[in-house]
Protein chains: 2
Amino acid sequence: MYDPLIKNLSKFVPLSSQEAEIIESLFTFKKYRKKQYILQEGDVTRFETFIVKGVTRTYEVDDKGQEHIVQFGLEDWWVGDLYSFLTGSPTTYNIDCLEDTEVLHITKADLETLYEKVPKMERHFRIMIQNAFIASTRRLSASLARSAPERYEEFIKKYPQIEQRVANHQIASYLGITPQTLSRIRSQSQ
Amino acid sequence: MYDPLIKNLSKFVPLSSQEAEIIESLFTFKKYRKKQYILQEGDVTRFETFIVKGVTRTYEVDDKGQEHIVQFGLEDWWVGDLYSFLTGSPTTYNIDCLEDTEVLHITKADLETLYEKVPKMERHFRIMIQNAFIASTRRLSASLARSAPERYEEFIKKYPQIEQRVANHQIASYLGITPQTLSRIRSQSQ
DNA sequence: TCAAAAAGTTAATCTAGGTTAACGGATTTT
DNA sequence: AAAATCCGTTAACCTAGATTAACTTTTTGA
């Protein structure tokens, strides 16, 4: 159950079996059903989430009631609202499951304990967040400089696994376009 | 000369004077003129840059030759292309100066040395990148969910210092709109 | 297992913001 | 200090993608 997590956390720094044990003691396993919320707007994010199995979406709802998907989550990915988690302020995001999903949660206090007991985890999370930051910057560039068909093409090239597993209207929401527009793009691109 | 850097680096973790000395030995001071490039598309980013004084812009040029500003840099900010810096691949960004600018550079090897000699710097950079990631995520949400006037309003609320110091067409480029559209927004909002 | 809901597609119309162009004022450059 | 370039603004027109709507196909859950 903890294997995928240990494998993820030893991606950048080697871990001894004692360290792996400490890690296991600080995470909590939980199952969610399809459509179930992991996090809801207005909640304070009490934990960061590692996905063992399943698919999640993180989205915001704007003033006009429209949903905008900010991130998908698949096996071996981390999801959560870092801002709310770190500051204790209520989140503006919703996270729910597109399939039955199994996760490992860690609270803020336990993450601090982890950094204390296994200091090399600072390095791991620095590198991990660095990579997430780079990805976010690139997506931002794309959203400013690319047309809808270009963004769609980039998306299926970059995340073929996601394209297989989530519905088209979810991808449209991620790309910032309507399902109708995506449908037109798809019919024209072949 | 190094004072603003030491102050920046001790924001999240306390630093002794020996540690401050190590830091000073690893950074290089450099002056740039207005319009001068710090980094150009195709270069490999050899250093991360801390701004002591001045203003920079980081931008990408798309297929149609249009510039898209990804980030502004002011005093006490870090700029650079983390992806190119970390992987050694050529950058797709340009960084140039909107005013005469003074910076402190650190190379990848020296940053590794810094992490080794002052391990608490891992923590500092983890938190710093965490904050940058959060900011990038929020800007991404805004670019997907907000209209141009809303994005402009958010921008001047969040970065009044930038609004004072950079030209409007630069702000338009940052917001992903044309200078004409920004001009229309500005004339309607008062 | 079948009715209801959700998802995908296509087409007609609408609109936010882009494009082009022209002009006056402010900076730079020589 | 003249010439050249850059900036901001306004206006007329254009276009990518949104909206609305109607219909078909697929999925869901009672």
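Remember, predicted model here, so these are calculated numbers, not experimental data. Protein chains get the first letters and strands the later ones, always in sequence-line order, with residue 1 at the start of each. For the numbers below, each heavy atom of this structure counts, side chains included, while hydrogens, waters and symmetry mates do not.
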Given DNA chain D, 5'-ward residue of the pair B:A167 and A:P149, judged by closest heavy atom = B:A167
Rounded to the Å, how far apart are B:R33 CZ and C:dT28 P?
-> 14 Å
Rounding to a whole Å, what distance do you find between B:N168:CG and C:dG25:P?
-> 18 Å
Rounded distance (Å) that lies between atom P of C:dT9 and atom CZ of A:R186 | 5 Å
Interatomic distance, B:E150 CD vs C:dA16 C1' [rounded to whole Å] = 12 Å
B:Y59 ring center within less than 6.0 Å of B:Y93 ring center | no
Check the distance between C:dA12's C1' and A:R184's CZ and give it to me in whole angstrom.
-> 10 Å
Under the side chain to side chain contact (heavy atoms under 4.5 Å, CB included) rule, what do B:R57 and B:V70 come out as? Steps first, then yes or no, please.
-> CA-CA 8 Å; B:R57 72 210 251 258; B:V70 170; over 6 Å; no
Presence of A:T181 side-chain N/O under 4.0 Å of D:dA18 phosphate oxygens OP1/OP2 | yes
same_hphob_cluster(B:L74, B:F50) at 4.5 Å side-chain heavy-atom cutoff | no
Are B:F155 and B:Y174 close enough, and set up right, to give a ring pair (Phe, Tyr, Trp, His ring centres under 6.0 Å), and what steps lead you there?
-> CA-CA 10 Å; B:F155 177 81; B:Y174 180 90; 5.2 Å; yes
Whichever of B:K35 and B:Q180 has its nearest DNA chain C nucleotide further upstream toward 5' | B:Q180
Under 4.0 angstrom, heavy atoms only, what part of the nucleic acid is A:K64 near: base, sugar-phosphate, or nothing?
-> nothing
Does A:T178 put a side-chain nitrogen or oxygen below 4.0 Å from OP1 or OP2 of D:dG17?
-> no
Side-chain ion pair, A:R123 and B:E122, N-O less than 4.0 Å = yes
Nucleotide of C:dT28, C:dT19, D:dG17 approaching A:S147 most closely (side-chain heavy atoms) = D:dG17
Is any side-chain nitrogen or oxygen of B:S183 closer than 4.0 Å to OP1 or OP2 of D:dT9?
-> yes
CG of A:L144 versus P of C:dG18: gap in Å, rounded?
-> 11 Å
Integer-rounded Å distance: D:dC6 P and B:H169 NE2 = 10 Å
note: A:L98, atom CG; C:dA6, atom C1'; distance rounded to Å ~ 14 Å
